[in-house]
> 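Quick one: this structure, given as structure tokens, is what I'll be asking you about.
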There are 2 protein chains.
Amino acid sequence: MATIKDVARKAGVSTATVSAVMNDSAFVSPELRARVVTAIRELRYEPSLAARNLRRSRSQLIALAVADLSNPFYARIVWSAEAAVAAWGYSLVLFNSDEKPDTERRILSRIRTLGCDGMVLVPVGAANQYQPHEFEGIATVLLGRSIKGNSADTVTIDNWAAGRQAVDYLLDLGHRRIGSVTGPMQLSTSKGRLDGMIDAMAARGLAPQPGHIRSGEFREEAAYSVARDMMGSPDRPTAIYVANGVMAIGVMRAIADLGLRCPQDVSIASTDTVAGAGGLKPRLTRTEHPIADMTNEALRLLVDRIEERGSEPVRNIVFQPALIVGESCRPLRADAG
Amino acid sequence: MATIKDVARKAGVSTATVSAVMNDSAFVSPELRARVVTAIRELRYEPSLAARNLRRSRSQLIALAVADLSNPFYARIVWSAEAAVAAWGYSLVLFNSDEKPDTERRILSRIRTLGCDGMVLVPVGAANQYQPHEFEGIATVLLGRSIKGNSADTVTIDNWAAGRQAVDYLLDLGHRRIGSVTGPMQLSTSKGRLDGMIDAMAARGLAPQPGHIRSGEFREEAAYSVARDMMGSPDRPTAIYVANGVMAIGVMRAIADLGLRCPQDVSIASTDTVAGAGGLKPRLTRTEHPIADMTNEALRLLVDRIEERGSEPVRNIVFQPALIVGESCRPLRADAG
DNA sequence: CCTTGATAGCTAATCGTTTCGCTAAGTCTG
DNA sequence: CAGACTTAGCGAAACGATTAGCTATCAAGG
């Protein structure tokens, strides 16, 4: 690889001049500029980011650490994030914490070592697992989930509203025995959605039966097994609110395996679906998040923090979910209530 | 951020010693080692990769450039790749060329500037669009698609076998008028799969009708429109081989919108499905690729190239597809053939 | 004609590591 | 005990860029 010195020698100028041409950082006479440009082209010179970054103490790298790359929801985030990061002139370094706090800890340290200019993090741990120094000195935006007491910018959705909307819809259809398959309770997303559900029911003087609320990992398999268990009992709910898209697939599979039909026997509403956007039958009734907008907003905030070294106040952006009606819910027949 | 000098000063040793402790690159007496370790911990020292890499001319970065991040097939690759890269001690820089050769060119240049130690590339251009120097000096593995005449290692699937297997299956069910919705002809994947189909039919003295072979972008929308067009005509095929999973979703949607049912009215077989793995109804009959194995193998080859500077002969690994029978195909009723 | 100011381009310091070569102290060996 | 080996640890030179500060050169003004 040619270095700046090779270019300087070939063009008969100093390295400072080459640098000035590369960065347009100072006036260079047209004649010299031409010689430099030619030399750059002929040697196929590409500046070494390692050297540049060492000097500038910038890396042009933005890290994205998501909670579960096997989940299409995060795959969608990755897609948007790559585009946004590239548009801002950075490159994306991708990490998957796989919902494991230990892995996440290693990732944070790695991000620091790499000298990433900033990071977008979907945190997987409970609030008390984070040391303040883990976020010091590196611009951070928390995406999707927040950490209580943390002073980073956040971009989240209104989980409470998502649960409330979905369950209000089920209630409007006449359902009264409503169950939920949801994620780990230490995550703000699971907790918020369940609270929305409970408040929706409470507003009509109802409460879910204890056995009808099941929480577990945000994965298809986990959802399958708890749904199978819950729906196998005689007082099973007539409708289920599932807290995420991947789990919804597991729940639908469980229902099919039990010989029940959706929506004829059980109505299902969920939050945050992306899975099988085109293919799932019946199409899920769900509350959707504007994933692309959220991701773009997260990167806008992040780049803002990186480039304006100023310390503006912490920003918390909350997006509202939208209810998309599919074919997975039915009004409850009067005799079954 | 603390630097190695701070640590050296605090521990009362030279920077060389600190470096030796960090990298275990030379014997350091237990006493000094202990002082250094303490200083590192107290200052929360993390070495700067920028500096280390400048010196070592390594970056610990592996680039992955995929053709289309919105395609679950590539999302699946990204998932596997992140895990493999991390397991080998590198970090993953992700790029999306979005099937655009121009974007890909910029990405290649960026990868070079970043000083990535190696790259895994899903190429999007025709063979003649690549300059040899674009791959010089950086370890490269081509994944999924190959470039004729290129001397990089490749990991691909046997596309011909995939097309042949799927279409043989349809032929065995009695179908004779078989159509195909496939991708751009300049890509080795599309071409190979179509060739497999044609050979399968030729082996039984058949040939597809010209209007029954439609190629276009590897996207759902493209597939939807060509399928709608093809299936709208009276001599429509009784079965369709779709060259990729995302397109299959588009084809199924088109069929449903035309009032046709799958598999009752039309049988569909495809290659490379991942989309809606859990959810799609009816479940597709398809040839599947061992995506995780392929990705792991690609990274094994790559790391091998990076770390053994030796120039072993070029390796081309070809994986075989496996036919997975779903519910999207039916024997042809005798009267309709 | 000398001073002043402007400015194109150069020299050299710097970023934070790794690593080559050296010193000095210790250990054998005959 | 002197000379020959070892070896723990140090000093300083890289790596390849950026950039502050300097040096010529030249034009304009008095």
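For the numbers below, each heavy atom of this structure counts, side chains included, while hydrogens, waters and symmetry mates do not. Convention: sequence-line order gives letters A, B, ...; per-chain numbering from 1.
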> How would you label the contact of B:L49 with the nucleic acid (heavy atoms, under 4.0 Å): base, sugar-phosphate, or nothing?
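Result for B:L49 = nothing.
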> Tell me whether the side-chain N/O atoms of A:N53 come closer than 4.0 Å to OP1 or OP2 in C:dC15.
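No.
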> Below the 4.0 Å mark, does D:dG16 have OP1 or OP2 next to a side-chain nitrogen or oxygen of B:S57?
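Indeed not, no polar side-chain atom of B:S57 lies that close.
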> Any pair with a residue in residues 4-29 of chain A that passes salt bridge (Lys or Arg N to Asp or Glu O under 4.0 Å), sequence neighbours left out, goes on the list, sorted by first then second residue, please.
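Listed once each, the pairs are A:D6-A:R9, A:K10-A:E42, A:D24-A:R33.
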> On the 0 to 90° scale, with breaks at 30° and 60°, tag the B:F135-B:Y130 ring pair as parallel, tilted or perpendicular.
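Rings of B:F135 and B:Y130: tilted, as their planes differ by 30° to 60°.
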> Taking for each residue the nucleotide of DNA chain D with the nearest heavy atom, is it B:P30 or B:L54 whose nucleotide lies nearer the 5' end?
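Taking each residue's closest nucleotide, the earlier one in sequence belongs to B:P30.
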> Over the length of the helix from C:dC1-D:dG30 to C:dG30-D:dC1, how much do the five-pair end axes diverge, rounded to 10 degrees?
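Both end axes considered, the difference amounts to 60°.
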> Within a strict 4.5 Å, meaning less than it, do heavy atoms of the A:T189 and A:F218 side chains meet?
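Touching, per the 4.5 Å side-chain cut-off.
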> I want to check one thing: is the phosphate of D:dT18, taken as OP1 and OP2, less than 4.0 Å away from some side-chain N or O of A:S19?
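Yes, because at least one side-chain N or O of A:S19 sits under 4.0 Å from OP1 or OP2 of D:dT18.
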> What integer distance in Å separates A:I4:CD1 from D:dA17:P?
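The answer, rounded to whole Å, is 5 Å.
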> Does A:T17 make a side-chain N or O approach to OP1 or OP2 of C:dC10 shorter than 4.0 Å?
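For C:dC10, OP1 or OP2 has a side-chain N or O of A:T17 closer than 4.0 Å.
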> Over all strands shown, is A:V18 touching base, sugar-phosphate only, or nothing at heavy-atom distances under 4.0 angstrom?
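It contacts nothing in the nucleic acid.
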> Is any side-chain nitrogen or oxygen of A:S29 closer than 4.0 Å to OP1 or OP2 of C:dG9?
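Checking A:S29 against C:dG9: at least one side-chain N or O falls below 4.0 Å of OP1 or OP2.
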> Does B:R56 put a side-chain nitrogen or oxygen below 4.0 Å from OP1 or OP2 of C:dT18?
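It does, given that an N or O in the side chain of B:R56 lies less than 4.0 Å from OP1 or OP2 of C:dT18.
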